[in-house]
2 protein chains.
Amino acid sequence: MDTRSMSYSHPRTSPYKVGVPPKQKFWKEFATSLKETFLSDDPLRPFKDQTVPRKFILGVQAVFPILEWGRNYNLSKFKGDLIAGLTIASLCIPQDIGYAKLASLAPQYGLYSSFVPPLVYALMGSSRDIAIGPVAVVLAFTATFFAGITQAALGILRLGFLIDFLSHAAIVGFMAGAAITIALQQLKGFLGIKKFTKNTDIISVLQSVFSSARHGWNWPTILIGASFLVFLLVAKYIGKRNRKFFWVPAIAPLISVILSTFFVYITHAEKRGVEIVKHIEKGINQPSVGDIYFTGDYLLKGVKIGIVAGMVAFTEAVAIGRTFAAMKDYQIDGNKEMVALGAMNIAGSLTSCYVATGSFSRSAVNFMAGCQTAVSNIVMSVVVLLTLLFITPLFEYTPNAILSSIIISAVLGLIDFDAAILIWKIDKFDFVACMGAFFGVVFVSVEIGLLIAVSISFAKLLLQVTRPRTALLGKIPRTNVYRNIQQYPEATKVPGVLIIRVDSAIYFSNSNYIRERLLRWLTDEDEKLKSGGLPRIQYLVVEMSPVTDIDTSGIHALEELFKSLEKRHVQLVLANPGPVVMHKLHASKFANLIGEDKIFLTVAEAIETCSPKFAEED
Amino acid sequence: MDTRSMSYSHPRTSPYKVGVPPKQKFWKEFATSLKETFLSDDPLRPFKDQTVPRKFILGVQAVFPILEWGRNYNLSKFKGDLIAGLTIASLCIPQDIGYAKLASLAPQYGLYSSFVPPLVYALMGSSRDIAIGPVAVVLAFTATFFAGITQAALGILRLGFLIDFLSHAAIVGFMAGAAITIALQQLKGFLGIKKFTKNTDIISVLQSVFSSARHGWNWPTILIGASFLVFLLVAKYIGKRNRKFFWVPAIAPLISVILSTFFVYITHAEKRGVEIVKHIEKGINQPSVGDIYFTGDYLLKGVKIGIVAGMVAFTEAVAIGRTFAAMKDYQIDGNKEMVALGAMNIAGSLTSCYVATGSFSRSAVNFMAGCQTAVSNIVMSVVVLLTLLFITPLFEYTPNAILSSIIISAVLGLIDFDAAILIWKIDKFDFVACMGAFFGVVFVSVEIGLLIAVSISFAKLLLQVTRPRTALLGKIPRTNVYRNIQQYPEATKVPGVLIIRVDSAIYFSNSNYIRERLLRWLTDEDEKLKSGGLPRIQYLVVEMSPVTDIDTSGIHALEELFKSLEKRHVQLVLANPGPVVMHKLHASKFANLIGEDKIFLTVAEAIETCSPKFAEED
């Protein structure tokens with residue numbers, strides 16, 4: 001007998017006993033799984049054995065991340081933030097006014113929403129790249145208030161883990177789709193079209209573009225827009241080409257705003273139909289507490305809209321935040337995000353702002369302009385403040401076309417073909433989700449895009465727990481290791497023994513399937529053997545290593561499997577059930593039913609008992 | 001160096017290469033997963049290499065299971081079915097009339113629905129115990145028709161696997177809840193209460209029971225009902241006590257019907273307020289094709305109601321069918337069930353029947369009366385036919401109280417305390433689902449009960465894929481096997497190496513969590529070691545056996561993990577990634593990133609490379 005298997009095997013009379021860990025109390029189990037779900041990031045760790053004052057400081061820091069990163073904030077970072085802040089400020093002003101118009105509010109309301117919320121976010125948010133802006137939706141302050149409440153509540157209830165359900169693939173698709181949608185939206189300003197669709201889907205946009213082609217387009221506008229777009233793209237190209245000139249693309253938008261404004265001012269292009277920003281009301285936000293309804297139908301309506309808007313706004317913010325976090329390789333804390341967004345919108349609702357969230361186009365510009373921290377938001381909001389107080393006239397002559405060019409040149413950089421290709425290579429199912437998000441956003445709306453992506457991803461999860469994989473194992477030559485013979489073609493089957501690995505927890509959702517599948521493996525194998533005139537299967541060894549859990553339906557399935565096998569005179573053998581599974585096999589008396597001696601530590605030991613001759617070979 | 005590890009290990013220079021199976025084409029992969037989802041029962045297997053006529057016969061059998069079981073149908077089976085059929089017939093007649101009244105239709109319509117649908121079901125259904133009856137809902141024939149269409153469609157699309165989402169635990173709870181609800185409903189007839197709530201929840205039922213206690217109860221009715229209930233329970237006890245007398249409980253209901261009818265007839269108890277069945281219209285179903293609306297608002301309304309009713313009715317039928325299937329240990333074919341129920345309701349809608357499905361109370365009696373096959377349904381429908389044609393007068397004097405007693409005594413047997421206790425022992429989460437179903441049914445309605453149970457079960461599935469388990473592994477003495485040290489306290493950790501097993505596929509839903517969790521394991525361990533003045537961790541070995549799949553988010557998480565580990569000067573090592581995972585590690589170039597030589601066939605081999613000295617010890 002060769003030493004290899006010998007030395008490894010234990011005296012056949014007493015194979016190594018499969019351990020049954022000390023039983024856990026229900027409440028303990030439950031508490032653990034609660035902790036893993038809601039406190040998986042272990043937020044209290046830093047507080048462990050700290051002095052009380054230190055604990056207090058840590059606590060404040062936890063709520064206001066700015067106190068953490070603020071301490072090692074430096075000039076070079078500020079440079080980036082300053083440029084980015086100025087850029088998005090120069091961008092946000094006309095954008096906000098546009099939104100305000102869209103929401104049929106006086107222009108300054110748009111600006112208000114770019115003043116207070118960004119400040120709040122900068123203090124509390126965990127994303128460095130998100131630039132805050134209002135969402136182009138008509139919403140009363142009441143709705144804004146309850147949107148804030150909803151978001152804060154989710155965060156405080158630590159439901160941040162919900163953002164884990166946004167997969168990388170979904171975000172890639174979502175991002176590309178959003179980029180295209182935004183670029184298309186800008187065609188209005190870029191082509192100087194007067195009457196433009198309010199829908200964001202590609203069909204209606206292109207319709208209104210081409211329907212207005214004959215007489216709707218304004219050539220001076222296009223001239224300005226196009227020339228500066230070229231300028232911006234060139235600047236970008238230079239920046240990419242040579243890292244030394246990173247500042248060129250960063251400064252370009254601001255330059256183009258100044259130049260174009262000046263240009264329009266001297267040429268009076270606005271007289272030739274070039275859309276400009278025009279007059280803006282001076283003065284800062286008015287308090288709006290009085291305008292929040294806490295009674296009557298408005299309350300109910302506000303609450304409804306608020307909850308929905310809050311969820312959507314949050315999802316978008318997170319999708320955006322994660323996008324840039326992934327690019328710069330840092331983490332977004334879902335819970336902090338929710339609390340920050342919530343606080344921001346509550347504050348906003350008290351100061352005449354409507355629902356604000358991460359604005360995709362603005363964040364894109366912010367990112368491209370090389371922002372380092374949330375300080376760029378502070379810069380923006382300060383600029384907006386100053387604008388509101390003093391310099392609104394200066395922006396009067398800024399042509400909207402220039403801002404369209406800035407946005408277009410910014411978002412085009414967010415379409416990540418390589419990522420999409422890689423996703424296709426790695427996981428087809430992910431690719432479908434990615435495309436779902438993309439086309440959903442492009443052809444319908446951002447919300448639908450997200451919905452599609454999430455649904456597809458969920459379908460995948462359910463498929464995994466409904467139709468898990470099972471693998472036929474064989475012995476790898478010159479070892480006592482048993483592996484998937486698909487993966488290791490050289491692995492040899494054990495005569496008279498069928499070894500199947502079940503690759504999932506056994507739950508009600510798959511217990512019937514697994515039972516049927518195992519029996520099918522057996523039937524197929526027996527047919528092959530019979531046709532080959534070989535001895536039939538006498539043992540079915542189920543390798544349970546991947547079976548991390550089993551529920552009552554699973555136990556029932558095993559019992560039914562055992563019965564069916566008995567009828568076929570095949571013995572059921574289990575290899576390496578985990579701690580949880582062992583518990584339940586005992587609790588349900590199934591261990592006694594098949595016999596303790598049919599449960600082994602490893603497949604190898606099972607084989608030594610089922611087919612000793614084979615185990616000794618090679 | 002001891003032979004044990006020696007003999008097992010391979011020359012350290014060349015550890016066994018982890019296999020990368022031949023790449024599968026996307027469409028092939030996709031087709032497989034489709035097949036596993038929709039054709040997992042491999043319905044075409046029997047057709048394989050058969051003659052054409054044989055194939056045809058098999059095809060017909062597949063649609064009409066009766067042709068299969070019909071051939072080995074025998075007298076003893078028929079005896080059971082006959083008794084059961086007669087019993088449920090004697091039961092269904094007043095029940096149907098009751099339902100018809102509830103739906104404000106003429107009494108005979110109730111009977112119609114117990115004539116045609118059961119016949120159709122008997123030919124096509126795959127449950128042996130379900131007894132068909134109308135659901136107590138007001139529904140036009142149009143709705144019935146589209147309910148049928150919906151069900152049939154689901155079956156033909158092979159969405160039968162949806163029934164896998166009804167867990168055993170949920171069914172136990174559902175069953176007990178339904179039993180109590182039905183028993184409570186019967187208090188109307190049992191106490192002879194005139195005005196009784198239409199709600200099924202325990203609160204409203206008990207309210208109308210006690211509110212009518214003063215003058216609403218009819219003592220003669222209670223006398224008859226109670227005495228026969230005692231008789232039935234005794235009969236049941238005898239049957240349970242001594243298998244020889246199985247026929248006593250089976251025949252008891254029929255006897256009590258006959259006796260009580262005769263008793264009322266001679267004593268004219270009905271004059272003392274004992275409710276009886278009264279007059280029934282003679283003659284069989286009229287065709288109702290003309291009454292189905294294929295145009296106008298009625299169509300839309302009918303379709304809507306039909307779809308909902310179809311789904312609910314189906315879910316109930318399956319819940320009921322599975323309940324008894326589990327008791328008698330046979331399988332329900334979800335797809336066949338749907339088609340059968342669909343055909344049944346379509347036929348019903350053409351013959352003046354309203355939506356029929358598995359009736360819980362009736363199936364309970366059917367089961368208790370010892371039905372063997374769907375023939376009991378045929379018997380019932382024949383009896384109903386004869387009743388309709390000739391003997392309606394005979395049932396005129398049957399007191400409703402007796403039928404209440406029959407139902408009560410039947411359903412009480414369906415409350416399975418032992419099962420509930422076992423579920424509590426095996427799986428707390430299942431127990432919650434079970435209780436959810438129970439209280440949902442008892443306090444609200446059957447539909448809500450099912451909804452609650454299903455939601456809880458889904459929550460569990462999602463939890464499993466969101467917060468999977470991770471385990472710390474150690475070396476089991478005198479072997480090269482590495483196992484969970486929680487399960488095997490004697491297992492010893494490897495100095496300088498941390499071995500963690502990840503117990504789930506790595507998907508977007510858990511990739512962040514897993515990355516964080518692994519780092520947390522590392523931090524905790526390092527702290528322990530430092531406090532113990534021991535050398536720090538240099539290798540993190542991730543045992544991937546249970547990781548059956550990974551998606552792009554998962555790959556990203558691994559990349560991030562790798563980066564964080566590099567910062568900590570810890571090497572990442574993988575053990576035994578499966579075929580799918582290996583593919584993706586290569587496709588994503590991650591394998592190259594960490595280095596092929598960091599991926600091992602087993603933990604043992606990984607350890608031999610990470611900590612050779614340890615591997616040689618013991």
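When reading the values below, keep in mind they use all heavy atoms of this one structure, side chains included, and skip hydrogens, waters and symmetry mates. Chain letters run A, B, ... following the sequence lines, proteins first and then strands; every chain starts at 1.
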Completion exercise
Residues B/A587 and A/L422: closest non-hydrogen pair is O-CD1, 4.0 Å

Problem - Heavy-atom pair count under 4.5 Å with chain A, highest-scoring of B/C434, B/S553, B/A169 - result: B/S553

Completion exercise
Looking only at heavy atoms, the pair that brings B/R469 and A/D549 closest together is NH1-CB, 4.1 Å

Problem - Side chain / backbone / both / neither for B/I550 at chain A, heavy atoms under 4.5 Å - result: backbone

Handout entry: Shortest non-hydrogen contact from A/P546 toward B/S545
Key = CG-O, 4.4 Å

Exercise for the section: Working to the nearest 0.5 Å, report the span between CD of B/Q487 and NE2 of A/H583. Expected result: 9.0 Å

Handout entry: Rounded distance (nearest 0.5 Å) linking atom OG1 of A/T552 with atom CD1 of B/I423
Key = 5.0 Å

Practice task
Nearest 0.5 Å please: distance from the CZ atom of B/F508 over to the CG atom of A/D427.
Solution key: 10.5 Å

Handout entry: Under 4.5 Å from a heavy atom of chain A, the part of B/E527 involved
Key = side chain

Problem - Side-chain (A/R483) to main-chain (B/L601) donor-acceptor, under 3.5 angstrom - result: yes

Practice task
With a 4.5 angstrom heavy-atom cut-off, could you sort out which part of B/D430 is near chain A: side chain, backbone, both or neither?
Solution key: side chain

Practice task
Below 4.5 Å from any heavy atom of chain A, which atoms of B/N484 appear? Answer side chain, backbone, both or neither.
Solution key: side chain

